[in-house]
> 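What follows is a single structure, and I will ask about it in a moment.
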Amino acid sequence: MNFQLDFFSLKGKTALVTGARTGIGQAIAVGMAASGAHVILVGHQNNMQETQEEITKVGGKFDTYLIDLSDVENLRGKIQPLLKKHEINILVNNAGIIYREPAAQHPEDEWNRVMNVNVNAVFTLCQEVGNQMIQNGSGKIVNIASLLSFQGGINVPSYTASKHAVAGLTKALANEWAAKNIQVNAIAPGYISTNNTEALRNDETRSTAILERIPAGRWGQSEDIAGAAVFLASKASDYVTGHVLVVDGGWMGR
Ligand code: NAP
């Protein structure tokens, strides 16, 4: 039997986390830094200070890159210099946006914006970083999906379509790259208290209905997602691939 606690450690690894300025991405970045990884923080607003300070507090190391992931046409040109400087062992595609408007009125430009950030940029990053991982003979990719990778949601058709695509892409890449020692998984967070869900929490009726359905009896916190991400980025999950791990306080089991 060969099992060590060390298998959960990310020591010596470099992790690229998108959307690391706030919410779930921030918690994952700090969690990975606390687990020993050097973290490459990617965001598009010039204010990553809080995440940087949290990483410093846990004794971690980071680099920061500002890249607008909605500008998919120029994304390869921005990511390639980063890949020349850093060998990425772990890619976390966390950045994502939501637009709330019923399908009958959903504007086409918002549909395209959501698809660009939530799907097209995710594919481009998986391809660019994945090719480096293939050359290096190993890698871990963790995509952030959603409960709306399984359910329809209410008034968020572009978001739901994008998150179904994230789950599908995760499985497709896992199939192709398992033999190359690259594990590709996703996390489907439940209802987590972040900017993404602010509108829901401000809507008393929706907020009460959501809370009543969560067996754990509380909204999730961003930190609730970090442990699952560290596991999926670590050696401890080497035989896990193509999985969408629900972290939802029991919502989907109800
Ligand atoms: P959040 O605080 O709004 O985080 C979204 C992050 O995405 C931000 O840090 C933002 O970066 C980044 N981002 C948005 N547009 C970008 C762009 N064009 N270029 C680069 N970065 C961009 O919300 P969150 O809840 O933590 O969301 C993180 C992920 O979890 C998303 O994929 C979301 O769909 C998913 N999710 C959330 C929940 C939930 O309940 N909260 C549930 C299921 C799935 P800037 O700050 O620099 O703008």
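One-based numbering, in listed order, for ligands and for the atoms of each.
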> Could you tell me, atom by atom, which parts of ligand 1 come under 4.0 Å of a heavy atom of I67?
19 (N), 20 (C)
> Which ligand 1 atoms, with their elements, are less than 4.0 angstrom from a heavy-atom of I97?
14 (C), 15 (N)
> Report the nearest protein non-hydrogen atom to atom 48 (O) of ligand 1: residue, atom name, distance rounded to 0.1 Å.
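Scanning the protein heavy atoms, the shortest distance from atom 48 (O) of ligand 1 goes to H44 CE1, 2.7 Å.
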> Could you check atom 8 (C) of ligand 1 against the protein and tell me its nearest heavy-atom contact, residue, atom and distance included?
T22 OG1, 3.3 Å
> Should you measure from each heavy atom of T197, which atoms of ligand 1 turn up under 4.0 Å away?
39 (C), 40 (O), 41 (N)
> Hey, is ligand 1 close enough to G190 that some N/O pair sits below 3.5 Å?
yes
> Note the single closest protein heavy atom to atom 24 (P) of ligand 1, along with its residue, its atom name and the distance in Å.
T194 OG1, 3.5 Å
> Is R201 salt-bridged to E198, going by a charged N under 4.0 Å from an acidic O?
no
> What I want to find out is whether R100 reaches D203 closely enough, with some N-O distance under 4.0 Å, to be called a salt bridge.
no
> Can any side-chain N or O of N94 pair as donor or acceptor with the backbone N or O of I144 at less than 3.5 Å?
no
> Is a side-chain donor or acceptor of T197 paired with a backbone partner of I192 at a separation under 3.5 angstrom?
yes
> Geometry only, no angles: is Y191 polar-contacting ligand 1 at N/O separations under 3.5 Å?
no
> Under 4.0 Å, heavy atoms only, figure out whether ligand 1 is touched by the backbone of K163, its side chain, both or neither.
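The answer is the side chain.
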> Looking only at protein heavy atoms, which one is nearest to atom 3 (O) of ligand 1, and what is the separation?
N195 CB, 3.6 Å
> Can you sort out which atoms of ligand 1 are near G96, meaning under 4.0 Å from one of its heavy atoms?
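In order of numbering, the contacting atoms are 5 (C), 7 (O), 31 (C), 32 (O).
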> Which protein heavy atom lies closest to atom 46 (O) of ligand 1, and at what distance to 0.1 Å?
R21 NE, 2.5 Å
> Give yes or no for whether the N/O distance cutoff of 3.5 Å, strictly under, is met between L69 and ligand 1.
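Indeed, backbone or side chain, L69 has an N or O that close.
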> So, does R21 use its side chain to make a donor-acceptor pair with the main chain of H44 at under 3.5 Å?
no
> So which atom in V72 and which in A121 form the shortest heavy-atom distance, rounded to 0.1 Å?
CG2-N, 4.0 Å
> Do you know the tightest heavy-atom contact between A29 and V39?
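Heavy-atom minimum between the residues: O-CG2, 3.6 Å.
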> From atom 6 (C) of ligand 1, work out which of S149, G19, S70 has a heavy atom at the shortest distance.
G19
> Which of these, S222, A95, A145, has its nearest heavy atom closest to atom 7 (O) of ligand 1?
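Heavy atom nearest to atom 7 (O) of ligand 1 belongs to A95.
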> Among all protein non-hydrogen atoms, which one is nearest to atom 36 (N) of ligand 1, and what is the separation to 0.1 Å?
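Nearest neighbour among protein heavy atoms for atom 36 (N) of ligand 1, to 0.1 Å: Y159 OH, 3.5 Å.
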> Nearest non-hydrogen contact with atom 23 (O) of ligand 1 belongs to which option: I24, I98, I144, N196?
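It is N196 whose heavy atom sits nearest to atom 23 (O) of ligand 1.
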> Measuring from Q52:CD to N47:CG, what's the distance to the nearest 0.5 Å?
9.0 Å
> Distance to 0.1 Å, residue and atom name: give those for the protein heavy atom nearest to atom 18 (N) of ligand 1.
D68 OD1, 2.8 Å
> Can you find an N or O of P189 that's nearer than 3.5 Å to an N or O of ligand 1?
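In this structure, P189 places no N or O atom under 3.5 Å from an N or O of ligand 1.
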> Which pair of heavy atoms, one from A188 and one from V244, lies closest together, and at what distance?
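Here A188 and V244 meet closest at CB-CG1, 3.9 Å.
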> Please answer whether the main-chain N or O of F231 pairs with a side-chain N or O of S237 as donor and acceptor at a distance below 3.5 Å.
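Pair found, side chain donor or acceptor close to backbone of F231.
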> Can you tell me if Q132 uses its side chain to pair, donor with acceptor, with the backbone of I88 under 3.5 Å?
yes
> Tell me, which protein residue and heavy-atom name are nearest atom 28 (C) of ligand 1, and how many Å apart are they?
N94 OD1, 3.1 Å
> Would a distance-only check, ignoring hydrogens and angles, find a side-chain to backbone donor-acceptor pair under 3.5 Å from N185 to V142?
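A pair under 3.5 Å: no.
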